[in-house]
Amino acid sequence: MANDKNANYNSHPYQTNSWVNVALEHNKYQFLKDSRYGTGGYQNGMYIVPHKREDQNTYDLRKSKSYFNNQYKAILDAHYKPIFKNKAARTISESTPEQYRVIYEVFEDDADGKGNSIQKTMEQAAGCCKNLGASFLVVNNDTEIDSTIEDVLESRMGVPYAFIITPDMVSQYTTDSFGNLTSLEWYQQDGDKTFDKYGDTGDGTNGFPVSPNSIDSDNDVMIVGVNVDYWYIRVNGQVQIVSENAIGVLPVVRLVEDENANIIPMPSLYSVARIQNRIFNLDSIITDVSDNQGFSIFTMPSHPDSGVEFGTTKGISYPMESSNKPEFISPDASQLKTLIDLESSLVNMMYQAGVVNHLQRFQQSAESKEIDRARLNDLLGTFKTQIEEAEEKLMQIFGLYVGYDYEYQVRYSDDFGISTLSEQIDRFLSIDATRVTNAVYTRMEKDLADSLFDFKDETMKEEFLEQIELERSSVQRASQIDNQF
């Protein structure tokens, strides 16, 4: 009987399909995307869970007053953007013929046919991967490699292009006995719109590829796939071959943040996003309580026929014979303080779970900051290696399309710059210039100047850094002369 009594404990009798349960598996990826950008249920309040005693009108009012203080994006950015702070060092074979060098340079500057460089494309893929658990870089080329250099430079003709498939777009995939991908299928927009090979529509919008979450009806999507033999679409569950896969290998590169046997691993920051969602709900309650404190309810003894209008939103009437005096009442202030303290605790918990405590504006010991940075640097270093390997695989596929092995190598900087400007200044001022080499001290001066000043161009920057070096050399010579006497 106990189970029957509590069977409807989690139901909300006053709300029907008016809120989104982010804990459900089919809501996971849309929830994570909304957590990153503040869209969806954060924008319209649908991620606010109604209270059991809340009627629809009260709940709608609370949703309308909700706001999203996005802590999650800052944490997410800290887990991949430092890798791309500096331009990666990319090399190809020195003996690469001019025609293939031009094709490579066009791809390096415009990897997706939309003007995004290969570095920017990899940064986008890394952001999707960190947020959603994985991303897939797919390479295609609809034109034979027989274009002239002029054609390549003017119209990008004959140059392969890459696009990103995220887990929410994936329809299905297959693997071999070793767990390697052998095919990938994803949802793509269809219908009366026409697309060029880059997914651009005639009306200037972009529709390739697309998440099924953004589609209004099943008629607007088709399933596109590729395996080692051909590109195809699925119509009513049946495969229809579109074209041959000219390179004979799967033109898909899977990017994950760490080695994982799962093709699409669980996103590592999912728990952080859930804490953000709890804070969002808590903030809406705090707003409601503070509003009720600001608009107190007047109470007074009154006769039923006094003509004074009462009600839970305007005032409360006590019987005339009661001993209560007229006064204003509001929620206990300690309740609001408890909620605010809980919110502060959850924010701290978010940054701890995200291994980015040092990003918060509160006192933290130098030792604690170093521990946090070391942990984050380890995560960034691991992810950096995955990104490098994925990019090199991408260029191997690119080489198969154009018919040339570029012997491509890429290395992203290990300098993730995980420190604040004030910390750089403090570190510099704490250094005794007489106890370090001139080269080391000059280098520190240059790094600090680079962080402090916003140079208009590289020439101005180089001139300023050269001036620092000359002044440091002058100081050193003067010191050497003084030491002789």
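Throughout, numbering of the chain's residues begins at 1 and tracks the sequence.
- Residue Ser66 holds its OG atom at 11.0 Å from CG of Asp288, rounded to the nearest 0.5 Å.
- Using a cutoff of 4.0 Å between basic side-chain nitrogens and carboxylate oxygens, Arg90 and Glu388 are not scored as salt-bridged.
- Within the model, atoms CG of Asp110 and CD of Glu105 stand 13.5 Å from one another, a figure rounded to the nearest 0.5 Å.
- Of the residues Tyr80, Tyr37, Tyr72, Tyr29, the one that meets the side-chain hydrogen bond (donor to acceptor under 3.5 Å, both in side chains) test with Asn131 is Tyr72.
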### Task
With salt bridge (charged side-chain N to carboxylate O under 4.0 Å, His left out) as the test, would you mind laying out the steps for Glu392 and Arg411 before giving the verdict?
CA-CA 10 Å; Glu392 289 176 355; Arg411 290 295 175 267; 3.0 Å; yes
- Going through the checks in order, is the side-chain contact (heavy atoms from CB on, under 4.5 Å) test met by Gln119 and Glu108? CA-CA 8 Å; Gln119 173 124 348; Glu108 184 184 24; over 6 Å; no
(Q) With side-chain contact (heavy atoms from CB on, under 4.5 Å) as the criterion, how do Asp405 and Gln396 come out once you've worked through the C-alpha distance, each side chain's angles and the decisive distance to 0.1 Å? (A) CA-CA 7 Å; Asp405 182 6; Gln396 288 174 8; 6.0 Å; no
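- Considering only residues two or more places apart in sequence or on other chains, Tyr412 meets the ring pair (Phe, Tyr, Trp, His ring centres under 6.0 Å) condition with Phe84.
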| query | Going through the distances and angles, do Ile48 and Trp19 end up as a side-chain contact (heavy atoms from CB on, under 4.5 Å)? | reply | CA-CA 7 Å; Ile48 291 178; Trp19 64 289; over 6 Å; no
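- Nearest heavy atoms, Asn260 versus Pro265: ND2-CB, 3.6 Å.
- Ring pair Tyr408/Phe398: centre-to-centre distance not below 6.0 Å.
- Closest approach of Gly38 and Asn70 over heavy atoms only: N-ND2, 4.1 Å.
- When side chains are defined from C-beta on, Phe136 counts as touching Leu181, because their heavy atoms get closer than 4.5 Å.
- For the pair Gln188/Met169, no side-chain contact is recorded, criterion being any heavy-atom separation below 4.5 Å from C-beta on.
- Taking all atoms of both residues into account, the shortest heavy-atom contact from Ile103 to Tyr406 is CB-OH, 4.1 Å.
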TODO: Given side chain to side chain donor-acceptor pair (under 3.5 Å), test Thr166 with Asp168 step by step and report yes or no.
DONE: CA-CA 6 Å; Thr166 51; Asp168 59 318; 2.5 Å; yes
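- Proximity of Ile83 to Phe383: side-chain heavy atoms (C-beta onward) are separated by under 4.5 Å at one or more points.
- The only option from Lys85, Lys81, Lys384, Lys87 that meets the salt bridge (Lys or Arg N to Asp or Glu O under 4.0 Å) definition with Glu123 turns out to be Lys81.
- A salt bridge does not link Lys120 to Asp112: none of the charged side-chain nitrogens sits closer than 4.0 Å to a carboxylate oxygen.
- Shown are Val253, Leu137, Val139; of these, the side-chain contact (heavy atoms from CB on, under 4.5 Å) with Lys393 is made only by Val253.
- Screening residues 222-245 for ring pair (Phe, Tyr, Trp, His ring centres under 6.0 Å), with sequence neighbours left out, gives Tyr230-Tyr232.
- If you take CG on Leu132 and NZ on Lys33, they are separated by 7.0 Å, rounding to the nearest 0.5 Å.
- Atoms OG and CG, from Ser35 and Asn277 in turn, are 7.0 Å apart once rounded to the nearest 0.5 Å.
- Within the 4.5 Å cutoff, side-chain heavy atoms of Ser268 are placed close to those of Lys130.
- Partners of Ile340 according to the side-chain contact (heavy atoms from CB on, under 4.5 Å) rule, which considers only residues two or more places apart in sequence or in another chain, are Ile286, Leu336.
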inquiry  = Thr175 vs Asn180, test: side chain to side chain donor-acceptor pair (under 3.5 Å). Steps then yes/no.
reply    = CA-CA 5 Å; Thr175 60; Asn180 300 306; over 6 Å; no
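- The shortest side-chain heavy-atom distance between Asn69 and Ile279 does not fall under the 4.5 Å cut-off.
- Side-chain contact between Ile233 and Ile223 is absent, with no heavy-atom pair separated by less than 4.5 Å.
- Comment: Lys63 engages Asp60 in a salt bridge, judged by a side-chain N to carboxylate O separation of less than 4.0 angstrom.
- Nearest heavy-atom pair across Val410 and Ala88 is CG2-CB, 3.8 Å.
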Margin query: For a side-chain contact (heavy atoms from CB on, under 4.5 Å) check, start with the C-alpha distance between Arg62 and Ile285, then their side-chain angles and the critical distance, and finish with the verdict.
Written below: CA-CA 8 Å; Arg62 186 156 67 94; Ile285 298 172; 3.7 Å; yes
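- Ring-plane geometry between Tyr47 and Phe31 is classed as perpendicular, the angle between the planes exceeding 60 degrees on a 0 to 90 degree scale with a lower cut at 30.
- If you take CZ on Arg278 and CE on Met349, they are separated by 10.5 Å, rounding to the nearest 0.5 Å.
- No side-chain heavy atom of Val228 sits less than 4.5 Å from a side-chain heavy atom of Thr182.
- How far OG of Ser183 is from CG of Asp176: 10.5 Å, rounded to the nearest 0.5 Å.
- Looking only at side-chain heavy atoms (C-beta outward), Gln71 and Ile275 stay at 4.5 Å or farther from each other.
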